[in-house]
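Just so we're on the same page: letters track the sequence lines, and every chain starts at 1.
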Amino acid sequence: MNTIRQNLPRIDALFPYVGTVLLILGGSYFFPQILGIEYLAQQLQIAAFLGVLALGATIVILLGHIDLSVPWVLGGAAIISTSLAGSGDPAFIVAAIPMALLFGALVGVINGVGVAILRIPSMVWTLAVNSMLLGVAVLNTGGFNPKGEASVTMTWLATGNLAGFPVAFLVWMTVTGIMALILKRSAFGRYLSAIGYNEKATFLSGVSTPSVIFAAFAIAGLCSALGGIMLAGYANQAYQSMGDPFLLPTIAAVVIGGTSILGGRGSLIGTVGGVLFITLLTSILSVMQISDAWRNIIFGVIIISMLLLQTLRRKGN
Amino acid sequence: MRNLLKANQREAIAILVLAVLLTLYLTTHPTGANTYVVTIWANQCLILALAAIAQFFAVIVRGIDLSVGAVMALTNCVASYLVIGSGLDMAFGIAAVLAVGVACGLFNGALVVFGRIQPIVATLATASLFTGLALLLRPTPGGRIDYDLADAFTLDVLGIPTALIIAAAVIGLFWVPLRRTGLGLGLYAVGSSEQAAFQSGMPVPVIRLASFAMGGLFAGLAGLYFSFVTTTGDAGIGPNYTLNSIAAVVLGGVALRGGVGTLTGAMAGAFILKTIGSLMFFSGLPPLAQPFIEGLILAGAIAIGGAGVLRVKNRLEVFGK
């Protein structure tokens, strides 16, 4: 029984992978080209954008919070990086990516202050931060699509190829590896789940819970910013509300990966699977060329069935 | 009187803020305060207020409903087909629209109660489903609502905007009686402590289901009222209202951890949020700065609400239950 308990997250994390394989097999029945290397490599590249965002979201959700400021941290990072890179000044071009990342971390800390110090529910505070960022962006760009372009590095990060793999995918995997190491090996990783389970008990054990919350939100901000940089590199520009379509799929990917929305329990491996599943599902639905309406309906129904399957399995244990 | 104020401190503050904002709005409005201006304002506020009530019923039992906007969009699209024709047709149409709302709410509730999925995740998925259904009905905005009926609900009666009368009726004829029933008490009991409510022999699953059904009903009412104001069906109205309804209940003093707050507060929060938006419109601020100021005010209002924790003497109290 004990071993089953310990293995629970791992079984949960396997779910989306099984789903992904089923999707590929099912999809290839109708569209044989899905099994092609080219198509699958392209999916890995596209999945990387959602994947990087979902890593940050996993950290925050493990903590028992949620980050709704993803869209405009992503948008802001894209605007900052493209306008620096498009300025033509070599120094600015070099600074484009670091500045955008710094911006993401900074917003993350602002999120953390509201949540950890003012004790405002993260769902509301990050929402307010998001709308302020939107305001700043509109004020700066005048409501038009911001000028600027992606630097060579940004384009390479998003669309390049290295040893047969899309660079975007490799970046995603590298970040996943680093984060998995942090979660498994460092005290921070353990504190994160501990706060997710019971913040009061963690605080009473002598952990400085506010600093853990700051760090977690800063990491999430960094991930959102990285997603923004890569997306800007992919589109060679930043555009208004480029982050909006990513918010809910990010949360869905994390949850499908077996991470509890209440915090404490979950895994990065599961999130990676969730991202692959959602990316493939979206892609296959658009390959099928069905209307927007049916795409929404099928998406909703499949997510609901995945969640129901998970609870059914847990009951079975 | 003092006890009454103390018991409803959160609502009292919210209503006071609303009064100040409304006075500001009416004095800065270029045409001054007249029935027309107040009616337009009240109509916009009531749509969000009904959405906020839908959110309130999810939040009070310690949940959150991300499908409020989607249910509004779906009911709005249904209304654009059915609320037209003879008197009887329209009566059936309205009943059907509200039934769709309740059905959506019950579906959410069933996923949460029987499927044991967390409300935030379940409604995230159903929002996609409901939006899809709405798009199926209206791929592009269109359809029509009976103009006479729409006018009857969106103009004024003897100089008082109908929207305000509806708002008062919702509080006086629905909320006050409900609060005195076992169900009304049960909402707070389940929201405060599900375990304690269960151990006191309360039918927790029934209360949760009822709460989601009422949430669906009010999301349906919000969609219906939206139809009266715009007299057309549009499947794309959802996302804005979902997020604003959450902000509105928090502004109105409803605690996201459940069990604290009232329907009146949620409505006041919605009125405040919309009034801030309208105030911006006529304030003479540069239009491009308005979204930023709006966000700043929202964040400020929420931060002030949260600043109470800075005065807490025992660090342990801030962690709550």
* To do: State which residues pass ring pair (Phe, Tyr, Trp, His ring centres under 6.0 Å) with B:F56; sequence neighbours excluded, sorted by chain then number.
  =>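 B:F56: ring pair (Phe, Tyr, Trp, His ring centres under 6.0 Å) contacts with B:W175.
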
Side chain, backbone, both or neither: which part of [X] has an atom under 4.5 Å from a heavy atom of chain A?
X      : answer
B:I120 : side chain
B:I64  : side chain
B:L124 : side chain
B:L133 : both

* Quick one: which of A:L133, A:I261, A:I303, A:N130 has the most heavy-atom pairs under 4.5 Å with chain B, could you say? =>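 Most heavy-atom pairs within the cutoff with chain B belong to A:I261.
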
* **chain B contact via A:V136 - side chain, backbone, both or neither, heavy atoms under 4.5 Å** =>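 When you check distances to chain B, atoms from both the backbone and side chain of A:V136 fall under 4.5 Å.
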
* Between A:L127 and chain B, which part of the residue has a heavy atom less than 4.5 Å away: side chain, backbone, both or neither? ->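 Only the side chain of A:L127 comes within 4.5 Å of chain B.
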
* Asked: Heavy-atom distance under 4.5 Å between the side chains of A:I304 and B:F107, does that happen here?
  ->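 In short, these two side chains touch, coming nearer than 4.5 Å.
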
* Please determine, among B:T131, B:I246, B:L66, B:L111, the option with the most heavy-atom pairs under 4.5 Å with chain A. =>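 The answer is B:L111.
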
* Any donor-acceptor N/O pair, B:S128 side chain to A:N296 backbone, under 3.5 Å ->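 Here the side-chain-to-backbone pair exists.
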
* Should the heavy atoms of other residues, nucleotides or ligands under 6.0 Å from CZ of A:F103 be counted, would the total exceed 12? ->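 Counting other residues, nucleotides and ligands, CZ of A:F103 exceeds 12 neighbours.
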
* Measure the spacing between CG of B:L136 and OG of A:S291 and express it to the nearest 0.5 Å. =>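 Reported value, rounded in 0.5 Å steps: 6.5 Å.
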
* Between CG on residue A:D292 and CG on residue B:L135, distance to nearest 0.5 Å ->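 The CG atom of A:D292 sits 5.5 Å away from the CG atom of B:L135.
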
* Assess whether side-chain contact (heavy atoms from CB on, under 4.5 Å) is satisfied between B:F114 and A:L308, documenting all intermediate values. => CA-CA 10 Å; B:F114 303 118; A:L308 282 178; over 6 Å; no

